[in-house]
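A short worksheet on the structure shown next.
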Amino acid sequence: MFESKNEVVLKTDVLIIGGGSAGTMAALAARKKGLEVILVDKANINRSGCGAAGNDHFMAVLESGPDWDTPEAFLAWYKRLTQGLVDSKVVEKVFTSRIKGLVEYLENIGIQMRIDTKNNDFIRTKSFAQPGEYFINFDGRSLKPIVSKEAEEAGVKCVRQVYITDLIKQEERVIGAVGFNIRNGDSYIFEAPAVILATGNVSRMYRNPSGLPFNAWHSPYNNGSAQAMAYKAGADLKNMEFVNYTLTPKNFSASALNAIVGMGGYIVNSLGERYVLKYHEQGEQGPRWTMPWGTYWELKEGRGPCYFDVRHLSDEAIEHLLTHLLPVDKNTFMDYCNQKGLDLKKDLLEIQICEGQLPAFVGSVTGIHIDENCLTTVPGLYAAGGCAVSICNLAGSMAVGGAAGESAADEILRDRIEVKLDQEKIAELKARAFEPLKRANELEESRFEGKLHQIMADYVGIGRTKLGLETGLEELKKLNDLTSILGATDGHVLMRVHEAQDMLLLAELITKGALTREESRFGLSHYRGDYPDTNPEWHVSLHQSLKDGVPMMKKVAAYK
Amino acid sequence: MENPVKIDLGLCNQCGLCEFNCPGDLIYSDEAGNPYLKYPEECWFCGACRMDCPKNCIEIVFPMEVL
């Protein structure tokens, strides 16, 4: 029988929750400052997170000469892309000032950043309305295991297969976390004067077009526990209403869009028209949101199916796409093509609008609010990567992770912070972690999640209205009542039950934000049929937080 | 759902790396030490299980819902 067994208490200077690319870089950075560091993940860190099986694009400013390849030009582009809802000062501190050094570091540890082996040079492409070629096409298949090994060899203590359920607070400060080992049932108590959250975005909250909830664009194991824990600890969450969609191959969880449009691929409808040009003057070179937006209307108005079309590309370009990009980003991409009987040199690749996700992509404005030091609005609590608002594709997450690790370490080195655990509080949090094992096990976790996907897609998905969002809120409340019969019998399901509860909490915040924001912005991300225009009065961020148990919402002006 | 992670147990050396690497905690070892996909419906089809496999004995076969 799975039950709470041994108690493991671990003390450290900095605790990082989430062993993906951001968390691993945060751990390494804090360790390099000479501190004791623990990196905890529900999986095995070696291949955890969105970059588990590889990545093909690394966004960087290299200052190689042209005007666009400068921090100034990058920041100006990023501000346009995020419509001023992300603080450029943060992006400068955590990304543009660090990224060149990060590329050098990755080359030094053996990551192949220069895939033009003949000239020993970078191959760079541009997409998403960039002023120049910011995306280094690189071989990231071994990136995660190599960086994880670096962290471990530097002395980072990796704690694997431990799911964190709650943060521990001492008055206003976060001083640790509580969790359990998903395989053996040991409970874990971490004591740390600084905690960094890095568990990524949320990718399993909406109905998946293939009908398989884990067949998601980004890692389906990203369930938003960082955002949920931060909210419960009192931190500000920002712009939760913006849910992101992208274009993926029909029924397949691969992020091919960047590779396809970066190489000059087209997006066409059943009539063969390059329809994105109707919705944005830059067509396939426009911001990401314009492509699902245009596809939505093409399908709605009866011009589907829609396709990626790369047949016009040169042999050399297709070769690059099929060798260095698509299967490097998604290891199983060519298996998909082969098993589907597709030859991209001759055939169109049918596409779909993917499931809604709380975003973790370049230009997203949604997640935990952080300042220039990656500090949340709660003392002792930092955040980095896909869960935080700054810059969060792979390169962004790694750069921000490093910045967060350094900032947290600097605070601990500067201020001596006494931490004392309140045993009564710990007992309470431990009981909460294992509580689903005691519940009546009458509702399967997958059905509970299925209902969540249904509610979110039908009422809080694409095309929102006041009445629909209010209905969504009511349905979410009803679903919340069912948690009393949502039980677990083993550690794996216990983890999934906690994940589902976190997603439910975030679903409610998305719905409340969407109801409050009476305008439309960023295409499908927040399209209110009853307020279809972007309203300059709503050119603000919406912050949600929990103060003394009361949900708060406030508007925060866009950055100048 | 049918199992998308086909492991050739004739080739497998039971090193446990696929179980270790799976980001979703989906692969377990049976009593004889052979790896198997315990939760096929939770697979991301990412290929992390096969990438570092020293025996190259894992194949990903997509279910009909994906194709």
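A, B, ... follow the sequence lines: proteins, then strands. Residue 1 opens every chain.
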Which atoms of [X] are under 4.5 Å from chain B, going by heavy atoms: the side chain, the backbone, both sets, or neither?
X	value
A:I45	neither
A:K144	neither
A:R160	side chain

Option that, when pairs with chain B are counted at under 4.5 Å, heavy atom only, ranks first among [options]:
options	result
A:A52, A:A53, A:S48	A:A53
A:M495, A:K340, A:K250	A:K340
A:G20, A:G341, A:S253	A:S253
A:N215, A:N44, A:I182, A:D41	A:N44

Distance-only criterion, 3.5 Å: show the donor-acceptor pairs between side-chain atoms of residues 219-226 of chain A and protein atoms not counting sequence neighbours.
unit_1, atom_1, unit_2, atom_2, d
A:S219, OG, A:Y221, N, 3.2
A:Y221, OH, B:E42, O, 2.7
A:Y221, OH, B:W44, N, 3.3
A:N222, ND2, A:N201, OD1, 2.9
A:N223, OD1, A:K42, NZ, 3.2
A:N223, ND2, A:Y163, OH, 3.4
A:N223, ND2, A:E499, O, 3.4

Write down the atom of A:D490, the atom of B:Y39, and the distance for their closest heavy-atom approach.
->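 In this case the closest contact between A:D490 and B:Y39 is OD2-OH, 3.5 Å.
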Can you name the closest pair of heavy atoms from B:I60 and A:Q339 and give their distance?
->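 Closest pair (atom of B:I60, atom of A:Q339, distance): O-NE2, 2.8 Å.
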Could you go through the side chain to side chain contact (heavy atoms under 4.5 Å, CB included) check for B:M1 and A:L212 one step at a time?
-> CA-CA 10 Å; B:M1 196 179 90; A:L212 304 174; 3.6 Å; yes
Pairwise distance CG(B:D52) to CG(A:N46) - rounded to 0.5 angstrom |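 That separation rounds to 6.5 Å.
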Residues in residues 5-17 of chain B that sit under 4.5 Å from chain A, counting heavy atoms only |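 Against chain A, none of the residues of residues 5-17 of chain B fall inside the cut-off of heavy atoms under 4.5 Å.
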Between A:F252 and B:F45, is the ring centre distance below 6.0 Å?
->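 Ring-ring flag for A:F252/B:F45: false, centres at least 6.0 Å apart.
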Using a strict 4.0 Å threshold on nitrogen-to-oxygen distance, state whether B:R50 and A:D335 make a salt bridge.
->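 Yes, charged N to carboxylate O under 4.0 Å.
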Is atom NZ of A:K149 surrounded by more than 12 heavy atoms (other residues, nucleotides or ligands) closer than 6.0 Å?
->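 No, NZ of A:K149 has 12 or fewer neighbouring heavy atoms, counting only those of other groups under 6.0 Å.
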More than 12 foreign heavy atoms under 6.0 Å from CG of B:D30: is that the case here?
->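 It does: B:D30 CG has more than 12 such atoms within range.
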Checking [X] against chain A: side chain, backbone, both or neither under 4.5 Å from a heavy atom?
X	answer
B:C22	backbone
B:C46	both
B:E65	both

Whether B:N21 side chain and A:R47 backbone form a donor-acceptor pair below 3.5 Å |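 Checking the backbone N and O of A:R47 against the side chain of B:N21, no donor-acceptor pair under 3.5 Å is found.
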List the steps and the verdict of side chain to side chain contact (heavy atoms under 4.5 Å, CB included) for B:F62 and A:T332.
-> CA-CA 10 Å; B:F62 289 102; A:T332 52; 3.9 Å; yes
Will you find, in the side chains of A:R183 and B:Y28, an N or O donor that is under 3.5 Å from an N or O acceptor?
->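 Short answer, yes.
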